[in-house]
Amino acid sequence: MLMLFSDRPDPEIVFVRRASTLRRHAGQMALPGGRIDDVDGGPVGAALREAEEEVGLTPHEVSVMGELPPLWVPASNYDVTTVVATWPGGELDAVDIAETESVHQYPVSMLTSADVRMTCEHPAGFRGPAFVLPDSFIWGLTAHLLDWVLELAGWDQGWDRERVVPIPNEYMRD
């Protein structure tokens, strides 16, 4: 996965909404990324290749800052490595609508606002961080990673963790 920050005073982070026709995690908000192919040489190569395929990112414009430790995701049984990088910024668009329904770029100032930070509750009882934005709902692994990076960067503004919202049905498709 690629957590991509624009190189601006109020950096924007790039997210994708996965196509609603996909078999797994259809319609959910995510960071660009995917499986490592033999040609990738590792997580960085995979993240850059996938971001180019999904949102049209030009890899040579990217400055890789590093990788977060791999996380095992029980729901998919994958180890996920998040690559953190910057790029000059600009508009990105869905390249293949069969894979990526839309591209969203949100400034850090919006993502750290207590107004959009909540705890979501899955029908199975799972609770975790969520970001409730005007045109999207970020939860699950993506919200955990975002929450973690905002805290690591010192951008976390604090928020009411007792404000619990259900996950909207449109974001619950497997």
Side-chain angles (χ1 to χ4, degrees), residues 1-19 22 24-25 28-73 76 78-114 116-117 128-159:
M1 297 176 78
L2 181 63
M3 186 168 291
L4 185 64
F5 292 86
S6 66
D7 188 15
R8 296 184 175 167
D10 186 8
E12 293 180 324
I13 303 175
V14 176
F15 299 89
V16 298
R17 182 160 183 175
R18 295 172 48 83
L22 293 174
R24 303 209 35 127
H25 310 292
Q28 293 183 9
M29 297 298 293
L31 297 170
R35 187 180 309 242
I36 297 174
D37 288 347
D38 292 337
V39 298
D40 292 330
V44 170
L48 294 176
R49 176 186 52 76
E50 287 281 346
E52 183 175 24
E53 292 173 3
E54 292 177 9
V55 303
L57 180 69
T58 305
H60 75 269
E61 294 183 328
V62 175
S63 295
V64 175
M65 298 168 66
E67 300 174 17
L68 297 177
L71 296 174
W72 177 67
V73 182
S76 60
Y78 290 126
D79 282 324
V80 175
T81 299
T82 302
V83 175
V84 180
T86 62
W87 109 109
E91 293 300 315
L92 300 169
D93 292 306
V95 174
D96 180 359
I97 60 170
E99 186 174 347
T100 303
E101 187 171 295
S102 57
V103 179
H104 303 261
Q105 296 172 223
Y106 299 114
V108 166
S109 62
M110 178 185 285
L111 296 167
T112 58
S113 169
V116 304
R117 307 277 320 261
F131 296 79
V132 182
L133 301 158
D135 59 352
S136 60
F137 187 91
I138 301 172
W139 71 285
L141 175 64
T142 304
H144 278 285
L145 289 169
L146 182 56
D147 181 58
W148 186 25
V149 167
L150 293 175
E151 186 175 324
L152 287 172
W155 288 327
D156 184 43
Q157 300 293 313
W159 51 286

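Just so it is clear, the model here is predicted, and its values are computed rather than measured.
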State, to 0.1 Å, how close [X] and [Y] come at their nearest heavy-atom pair, and which atoms those are.
X: Tyr106; Y: His104; result: OH-ND1, 3.2 Å
X: Ser6; Y: Gly89; result: CB-CA, 3.8 Å
X: Val14; Y: Leu31; result: O-CD2, 3.7 Å
X: Ile97; Y: Ala94; result: CG2-CB, 4.5 Å
X: Gln105; Y: Leu92; result: OE1-N, 3.3 Å
X: Leu68; Y: Thr81; result: O-CG2, 3.7 Å

For Phe131, ring pair (Phe, Tyr, Trp, His ring centres under 6.0 Å) partners two or more places apart | none
Sequence-distant partners of Ser113, side chain to side chain donor-acceptor pair (under 3.5 Å), two or more places apart = none
Of all residues at least two apart in sequence or in a different chain, which pass the side chain to side chain donor-acceptor pair (under 3.5 Å) check with Thr58?
-> none
What do the steps show when you test Glu53 against Val95 for side chain to side chain contact (heavy atoms under 4.5 Å, CB included), and what is the final call?
-> CA-CA 6 Å; Glu53 292 173 3; Val95 174; 6.0 Å; no
Donor-acceptor pairs under 3.5 angstrom involving side-chain atoms of residues 34-45: please list them, not counting sequence neighbours.
residue: Arg35; atom: NH2; partner: Tyr78; partner atom: OH; Å: 2.7
residue: Asp37; atom: OD2; partner: Arg49; partner atom: NH2; Å: 3.3
residue: Asp40; atom: OD1; partner: Arg49; partner atom: NE; Å: 2.7
residue: Asp40; atom: OD2; partner: Asp37; partner atom: N; Å: 2.6
residue: Asp40; atom: OD2; partner: Arg49; partner atom: NE; Å: 3.3
residue: Asp40; atom: OD2; partner: Arg49; partner atom: NH2; Å: 2.9

Audit row: Leu2, Glu50, side chain to side chain contact (heavy atoms under 4.5 Å, CB included) steps and yes/no | CA-CA 9 Å; Leu2 181 63; Glu50 287 281 346; over 6 Å; no
Extract all donor-acceptor atom pairs below 3.5 Å that involve side chains of residues 137-154 and protein atoms in other chains or at least two apart in sequence.
residue: Trp139; atom: NE1; partner: Tyr171; partner atom: O; Å: 3.1
residue: Thr142; atom: OG1; partner: Met29; partner atom: O; Å: 3.4
residue: Asp147; atom: OD1; partner: Arg117; partner atom: NH2; Å: 2.3

Which donor-acceptor pairs under 3.5 Å do the side chains of residues 59-67 make with protein atoms, sequence neighbours left out?
none

